[in-house]
Amino acid sequence: MKRTKINILTRLETTPGQVLVKGWVRTKRDSKEFSFMEVNDGSCLNNIQVLANKDLENYSQIQTITTGTSLVVVGDLVASPGKGQKWEIQASNVEILSLAPESYPLQKKRHSDEFLRTIAHLRPRTNKFGAIFRIRSEMAFAIHKFYRDRGFKYLTAPLITGSDCEGAGEMFRVTSLTPTEVQKQGKMDFTRDFFGQEANLTVSGQLSAEMFALSLGDVYTFGPTFRAENSNTSRHVAEFWMLEPEMAFCDLNGNMDHGEELVKYLVNHAMEFCEEDLSLFFQFVDKSLPGLMDTLVNQEFGRLSYTDAIAVLKKSKKAFEFPVEYGIDLQSEHERYLAEDYFKKPVFLTDYPKDIKPFYMRMNADEKTVAAVDLLVPRIGELIGGSQREERLDHLEKRMEEMNLPKEPYWWYLDSRRYGSVPHAGFGLGFERFLMMLTGITNIRDVVPFPRTPGSIDF
RNA sequence: UCCCCAGUAGCUCAGUUGGCAGAGCAAUUGGCUGUUAACCAAUGGGUCCGCGGUUCAAAUCCGUGCUGGGGAGCCA
């Protein structure tokens, strides 16, 4: 007999008669002559209720079943006379695969997120974390579907990189030198290292994506990214996933149009395909989520230049901790004011002063600002950061000189501007931040299966 | 890295002015013929985060370290 997953079972209109289910017991309620067990197999939020009565040959064994026990159940799927579920299984056979002894840390009550982080290997067995990670899986698929449907090509950018100054933060060093060798040499001698030069884990796939956009047209990378920043916040992890589309023949407006279409598509996809799991977050995590979803899908995102944003902030009567002046990098409080109070919806901020942005962003005609764009989302902050890239070789080289960047390591990057350069643009979207926005989860460690943060790499 | 807060039973927490270590849930055992975080009863369960100090006496006060949380910076 073939196993049926619970997400299929609970949606059936008519009973197929006998069914075979495999899963884990979430809770058991005993009477003298029968037991109710809620069995979950991870395929969906719902459990299936299994009724085992004392006629079963191994009933005394069944009575020892505890929360967390793994089971194989055969029985008839029948309409449940009780409230709370459509179907239940009248078990004709219950096989215990493995009992979970009393030390099993998950109970049939609510646990704190902080406690569950200490048992990250077991937390996907809870309703909330099961739902999070099913949504995460579905959203990764949705990203690929969105891009495939639009003719984008998927690029796997290298995770080990030789460029050490991509400008996006501290990097993790990759080396095959042993501590003993380093001690013997008295220094890190990179010429003796695996690659013959310094190597790091990537902080962005952008430069690779640009090369492929200038070859395949529209591309995207979606993969892990590493930052060795000593950031101890609810919004940062050392290893996270980033989506980076890069489009040839695209300017800043096209970049924003694309970002808005992407976010709307992903939210719609979640509401269509993760309805049941999302309902848990709507109900128990953040009751304002449905409103935010509605705003994301139905309202046009705001668009505002940095210069105008400074004017808006100066005009506001809000007392900011950090004073607003043209040229400053916007602080969290400023971004929150713009997205949450002023626009009350996502807003693209564009055309930042060149001095606070990296070398590859395209210089605007005013020679003061560059074609940068950040998407600020209420409660989340910066969800997207991107730009139109500087495609003009002379401008790019001038910026690198101004910023004291060595040109030699970038010879291949500059080549792309030397041979058939075209306007192009792209951005990075933090996958975990998107999931936080979708679920109302406030700590990024709770949307990553096994989060890596300063001083923490268990599991 | 900086600022603030917290650490007491498996979990969530209370613990008054420094004076016997507590509750709910969970677990264990028993009861109960349709339960829904089932219900009822009984039982067991403690390095009060570690180290040092003050005191007749410290979960409580002081110092220090560790861990966790919130915020800031950096950013996605």
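All heavy atoms count here, side chains included; hydrogens, waters and symmetry mates do not. Letters A, B, ... are given to chains in the order of the sequence lines, protein chains preceding strands, and every chain is numbered from 1.
In the interface, the side chain of S231(A) is paired with the base of C74(B) through a donor and an acceptor atom under 3.5 Å apart. In this model, a side-chain donor or acceptor of H236(A) finds a partner on the base of C75(B) within 3.5 Å.
Interatomic distance, CD1 of I444(A) versus OG1 of T233(A), reported as 7.5 Å (0.5 Å rounding).
Remark: Y104(A) OH is packed, more than 12 non-hydrogen atoms of other residues, nucleotides or ligands lying under 6.0 Å away. Remark: K368(A) NZ is loosely packed, at most 12 non-hydrogen atoms of other residues, nucleotides or ligands lying under 6.0 Å away. The neighbour count for K86(A) NZ, taken as heavy atoms of other residues, nucleotides or ligands under 6.0 Å away, is above 12.
Using modelled atom types and a 3.5 Å distance limit, the side chains of S204(A) and E244(A) yield a donor-acceptor pair. With 3.5 Å as the limit, one finds no donor-acceptor pair spanning the side chains of T27(A) and E38(A). No side-chain donor from either of N200(A) and T161(A) sits under 3.5 Å from a side-chain acceptor of the other. Side-chain N/O atoms of E276(A) and N46(A) include a donor and acceptor closer than 3.5 Å.
With C1' as the reference atom, C49(B) and G7(B) are 6 Å apart, rounded to whole Å.
In this view, F273(A) and H269(A) satisfy the ring-ring contact (aromatic ring centres under 6.0 Å, His included) rule, not counting sequence neighbours. Taking the side chain to side chain contact (heavy atoms under 4.5 Å, CB included) definition, one finds that N232(A) meets it with N230(A), P454(A), sequence neighbours left out.
Ring pair F222(A)/F431(A): centre-to-centre distance below 6.0 Å.
Positionally, the nearest nucleotide of RNA chain B for Q49(A) lies more toward the 5' end than for the other of Q49(A) and M242(A).
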Checking F152(A) against Y154(A) for the ring-ring contact (aromatic ring centres under 6.0 Å, His included) test, could you report, in this order, the C-alpha distance in whole Å, the side-chain angles of both residues, the deciding distance, and whether it holds? CA-CA 7 Å; F152(A) 281 60; Y154(A) 174 46; over 10 Å; no

Given the rule in the salt bridge (Lys or Arg N to Asp or Glu O under 4.0 Å) test, do E391(A) and R362(A) qualify, once you have shown the distances and angles that lead to the verdict? CA-CA 7 Å; E391(A) 85 280 13; R362(A) 191 177 196 276; 2.8 Å; yes

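The side-chain hydrogen bond (donor to acceptor under 3.5 Å, both in side chains) contacts involving residues 258-267 of chain A comprise Y147(A)-H258(A), R150(A)-E261(A), E260(A)-K264(A), where partners must be two or more places apart or lie in separate chains. Among residues at least two apart or in separate chains, salt bridge (charged side-chain N to carboxylate O under 4.0 Å, His left out) pairs with a member in residues 95-115 of chain A are D113(A)-K128(A). Counting only residues at least two apart or in different chains, salt bridge (charged side-chain N to carboxylate O under 4.0 Å, His left out) contacts with residues 369-380 of chain A comprise D286(A)-R379(A), K357(A)-D374(A).
Here the side chain of S112(A) is nearest to one of G73(B), U12(B), C11(B), namely U12(B).
Pairing partner, C2(B): G71(B), with both Watson-Crick or wobble hydrogen-bond distances short of 3.5 Å. With a cut-off of 3.5 Å on both pairing distances, G34(B) has no Watson-Crick or G-U wobble partner at all. Look at C11(B): its Watson-Crick or wobble partner, with both distances under 3.5 angstrom, is G24(B). Using the Watson-Crick or G-U wobble rule with both distances under 3.5 Å, G19(B) pairs with C56(B).
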Can you tabulate the close N/O pairs, meaning under 3.5 Å, that link protein atoms to atoms of nucleotides 65-68 of chain B?
none

Could you go through nucleotides 45-48 of chain B and list every protein N or O atom that sits under 3.5 Å from one of its N or O atoms, giving the distance for each pair?
none

Do any N or O atoms of the protein come closer than 3.5 Å to N or O atoms of nucleotides 2-8 of chain B, and which pairs are they?
none

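Here the options are T350(A), D251(A), N255(A), the test is side chain to side chain contact (heavy atoms under 4.5 Å, CB included), and the partner is Q388(A); only D251(A) passes.
Contacts between residues 8-17 of chain A and RNA chain B, defined by a heavy-atom separation below 4.0 Å, involve no residue at all. Remark: S80(A), P81(A), G82(A), K83(A), Q85(A), E88(A) in residues 68-89 of chain A come within less than 4.0 Å of RNA chain B through at least one heavy atom.
Taking the six-membered ring for Trp and thresholds of 30 and 60 degrees, Y410(A) and Y413(A) have ring planes more than 60 degrees apart, a perpendicular arrangement.
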Identify each donor-acceptor pair in which a side-chain atom of residues 321-330 of chain A lies under 3.5 Å from a protein atom, sequence neighbours left out, and give them as a table.
none

With sugar-phosphate taken as primed atoms, P, OP1 and OP2 and all else as base, the protein-contact string of nucleotides 24-32 of chain B at under 4.0 Å (heavy atoms; B, S, -) is BSSSS---B

